[in-house]
Amino acid sequence: MKTQKTITAISLIAALFFVGLPFGSASAEEILTAQEHLQLAKHHELLLKEAEDKLVQHKAALEDYEDRPYYYGRRGQDFQSHEKANIREYEKIVAENKAQVAIHYKLAGESQTPQFVSGSSNTQVN
């Protein structure tokens with residue numbers, strides 16, 4: 001009887017230990033260096049530039065439709081709603097990437113502020 005309680009207690013403690021492992025502190029492999037944060041910031045700047053370019057393209061297509069809806073025939077309203085959905089999605093992607101760029105520059109400890117203007121990422125990662 002006493003052995004069974006001991007085994008149950010040990011197995012319960014082991015189970016709690018293994019369940020708690022993923023929620024513990026970050027291991028050495030998970031901690032990013034300042035250089036890695038800079039690389040991630042540059043990566044998100046590239047994604048930001050691509051998303052801004054796509055956003056401009058979709059806004060231009062929507063503007064073209066709104067200027068001449070008679071060119072698009074019966075499928076025009078489908079095209080219009082599709083372009084509006086694309087614009088909303090790319091605006092969301094732009095906002096997310098701007099936030100990621102700012103976070104990674106902050107975590108890297110850079111005094112350099114992120115540049116959100118398209119084509120202005122002239123800094124290099126060594």
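These numbers were taken from a predicted model, which means no experiment stands behind them.
Here the side chains of E50 and D53 are not in contact, with every heavy-atom distance at 4.5 Å or above.
Atom CD of E89 is separated from atom NZ of K54 by 13.0 Å, given to the nearest 0.5 angstrom. Note that the OG1 atom of T33 and the CG atom of L107 stand 11.5 Å from one another [nearest 0.5 Å]. To the nearest 0.5 Å, atom NE2 of residue H44 and atom OH of residue Y105 are 11.5 Å apart. Here the NZ-CG distance, from K59 to D64, works out to 16.0 Å after rounding to the nearest 0.5 Å. One finds the NE2 atom of H37 at 10.5 Å from the CD1 atom of I103 (value rounded to the nearest 0.5 Å). One distance of note links CD of Q80 with NZ of K84; it measures 4.0 Å at 0.5 Å rounding.
In terms of heavy-atom proximity, L40 sits nearest to H104 at CD1-CE1, 3.4 Å.
For CD of Q77, the number of neighbouring non-hydrogen atoms (other residues, nucleotides, ligands) closer than 6.0 Å is 12 at most.
Below 30°, between 30° and 60°, or above 60°: for Y65 and Y72 the angle between ring planes is above 60°, a perpendicular geometry.
For E91 (side chain) and R88 (main-chain N/O), no donor-acceptor pair under 3.5 Å exists by modelled atom type.
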* **Evaluation steps, side-chain contact (heavy atoms from CB on, under 4.5 Å), between E83 and E66** => CA-CA 11 Å; E83 287 302 316; E66 289 173 347; over 6 Å; no
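Tracing side-chain contacts under 4.5 Å through hydrophobic residues (I, L, V, M, F, W, Y), one reaches I87 starting from I93; they form part of the same cluster. Linking Ile, Leu, Val, Met, Phe, Trp and Tyr residues whenever their side-chain heavy atoms come within less than 4.5 Å leaves F79 and L62 in two separate clusters.
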